[in-house]
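A short worksheet on the structure shown next.
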Amino acid sequence: MTSRKIEILVGLFVAAAIAAFFMLAMSVSNMSSYTGGESYQLTARFDNVGGLKVRSAVAAGGVTIGRVSDIQYNSETYEAIVSMNIESKYNKFPIDTAASILTSGLLGEQFVGFEPGAEEEYLKQGDEIDLTQSALVLEQIIGQFLYSKADEE
Amino acid sequence: MINALLNKIQHLGAATICSFRRLGRASIFLLEVMLSCVSMLTRPALLVKQLYSVGVQTLIIIVVAGLFVGMVMALQSYYALVDFGAEDSVGVMVALSLLRELGPVVTALLFAGRAGSALTAEIGLMKATEQLSGMEMMAVNPMQRIVAPRFLAGFIAMPLLATIFSAVGIIGAYLVAVQMLGLDSGSFWSQPQNKVDLYLDLYNGIIKSLVFGFVATWIAVFEGYDCIPTSEGLGQATTRTVVHSSLAILFLDFILTALMFAK
Amino acid sequence: MPFVKPVMAGHIFNLTIRRYFACYNLEKTTTFPIKKAAGLSDILVKIRDLHFSRGDRKIFDGLSMDIPRQGITAIMGPSGTGKTTLLKLIGGQLTPDSGTVEVDGLNVHRLPTRKLFELRQRMGMLFQSGALLTDLSVFENVAYPLREHTKLNEAMIRHLVLLKLNAVGLRGAAQMMPSEMSGGMARRVALARAIALDPMMIMYDEPFTGQDPISMGVLVSLISELNSALNICSIVVSHDVPETLSIADQAHIISAGKVIESGTPESLKNSTSQWTHQFVHGDPDGPVPFHYPAAPIMEDLYQTGK
């Protein structure tokens, strides 16, 4: 085994490992969402964020337009403050856009959904979304359903 | 009666002292090896040669094992998930299992069995045939020329092998899930893209395999260097390498998992 | 064909060595007197009151010895008296419990690692097994110390290696691997490697053990001729008495951690000491009894019957 042959094989080995890494990064993990580049930040206050987590998706019309970057609890207003990074190319959301926490499918994970409003002015870096709808908590819905049934009777 | 008990206690004490002494020797050895690794910068050819024997020669077993592990994972998770109508999650389940656990751990276990035992045997045989002694008398430090390149090669090769293992495993799962069981290839790939995190899963898996590679290679070269230079001592050292590194890998996997995925 | 070689070896060897050292000796002869003027004695290795033990077993118990700068010094003794250990102590691979070993005026065990390695470059050692690097060819084995310690170009290294191999009669085996060689050939390659850096001394660890008569003859003449051609210090550790004594200029016999007797081969052969007589002539019984210490045999036999 000449040293040239060994070097070629080692080179191929390292190249294969790098290729494997990129395959994993590109087609299996969410790396593509990290390379979004420019983004601007919006915040929104919710009574209840349910199962929303940092890095959950922010979607409008079913298309992912950004990610949740931070979730804090404000102990003065008793609300959760959700910060979101929205990709810069989606910069035409009217200021009366509504944000609601939705669930994908029955048992799927939760995400922030945007419902665009009708104002002429657009949301920009650092703005807060006023119209919000909290996460639907299954127990509460069932409870409400039972109460309303009881009222009917 | 009391005497017999005292004897037992004495044996226990002696064994404890002995193992601590060994641990001390292994730590000093590690320090020496790491200092010697600096000299590798001037001799990259030695490292390439060891990367060949530690990495390239282990590649085949890693690829074959990875393929089958991925295929079995796909089958098993399909049977488990199909009852809930959640068979679209086969991709994400296989990807997460491979990246977080199976990739680093199975690769490290195979690595300890294939490359680790070979390293111990090689260095031990060099010791038994006075080659290490001979190098010392030629004013060549065997730490720099023999041990350091092997150690460094193991440390570098491990994450490369684990990455290849995971990638091949996912390809194997794809073959079974999509080609054989007829799942939709779109959901096979898109679910992982939503659920697998680059940092949390992929990078942490690589950090795990770096740690495993470090420990497994350390044990292998130390056992070889420290072995009793007879055929019996060499056999024992090789066995110890495989047993100790396997146990160390599984134990460290628990520790690392607890640290990495803790909320 | 191999039967002719030992006879031829001397000739070829002498020729090569002279031709080769014609250029090298210039340097040697000019530097040597300067060294002498610097006040260096004729004693190259000076061992004083050496104590060394392995575990509970005492190996050396106050050993003292002088080895001259030129000529062949034999160190002999029964198996297990620590002859190999002595060589490792001289080479600085082991550290004594107490006592000093000085080589060329330097206390081996007080030297910092870098200085010790510099000293070792001037020492050659021939291990019992040859200790050739099994993954390198014969040529690369001999080239190894040159590549490690000199910055010679490839052509020079090739030149030197072939000359060294020719000196031990194995130039034709340059491309063989160590695993393909017999023990005697491996030892000769190791000898070529030991002289690669032109050392001031060569230590031979049991060079004759396990050799057939022809290989043994080759090694005996090789050691003596190398020593006279290079004009260096050779230390031969052996228990092959007749072969060793036939080439040694002086010999030390060690036993129980001490030097028992020293002198020229002749004086040792005619020694009045019973022990020396038994060792040199290989008598089965004498001061060293045939029986390992034990209780009387009848006692032992009856004990098992109880």
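As the structure is a computational prediction, the values presented were derived from the model and not from experiment. Letters go in sequence order (proteins before strands), and every chain restarts at 1.
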message: To the closest 0.5 Å, what do you measure between CE (B:M137) and CZ (C:F117)?
response: 10.0 Å
statement: Under 4.5 Å to a heavy atom of chain B? For C:M123 that would be both
message: Within a 6.0 Å radius of atom CZ on C:R158, are there more than 12 heavy atoms belonging to other residues, nucleotides or ligands?
response: no
- request: Give a yes or no on whether C:R171 atom CZ has more than 12 heavy-atom contacts from other residues, nucleotides or ligands under 6.0 Å away.
  value: no
query: Any idea which of B:M135, B:R145, B:M126 has the most non-hydrogen atom pairs under 4.5 angstrom with chain C?
result: B:R145
query: Which region of C:T134, side chain (C-beta onward) or backbone (N, CA, C, O), has a non-hydrogen atom less than 4.5 Å from a non-hydrogen atom of chain B, or is it both or neither?
result: both
task: Indicate yes or no: at least one non-hydrogen side-chain atom of B:V140 is less than 4.5 angstrom from one of C:H149.
output: yes
- prompt: Is the CG atom of C:L136 crowded by more than 12 outside heavy atoms at less than 6.0 Å?
  reply: yes
query: What's the spacing between C:N141 CG and B:Q131 CD if we round to 0.5 Å?
result: 8.0 Å
message: Taking side chain as everything from C-beta outward and backbone as N, CA, C, O, which of these in B:K49 sits under 4.5 Å from a heavy atom of chain C? Side chain, backbone, both or neither.
response: side chain
- request: Decide if atom CZ of B:R43 counts as having more than 12 heavy atoms of other residues, nucleotides or ligands within a radius under 6.0 Å.
  value: yes
- prompt: For the atom pair CG (B:N141) and CD (C:E148), what is the distance rounded to the nearest 0.5 Å?
  reply: 10.0 Å
message: Could you check whether C:K88 pairs with B:E136 (Lys NZ or Arg NE/NH1/NH2 to Asp/Glu carboxylate O, under 4.0 Å)?
response: no
task: Kindly check if the number of other-residue, nucleotide or ligand heavy atoms within 6.0 Å of CD1 (B:I9) is above 12?
output: yes
- prompt: Can you say whether C:E118 sits under 4.5 Å from chain B via the side chain, the backbone, both, or neither, judging by heavy atoms?
  reply: neither
- prompt: By a 4.5 Å heavy-atom criterion (distance strictly below it), what part of C:L126 contacts chain B: side chain, backbone, both, or neither?
  reply: neither
message: How close do B:E130 and C:A131 get, counting heavy atoms only, and between which atoms?
response: O-CB, 3.3 Å
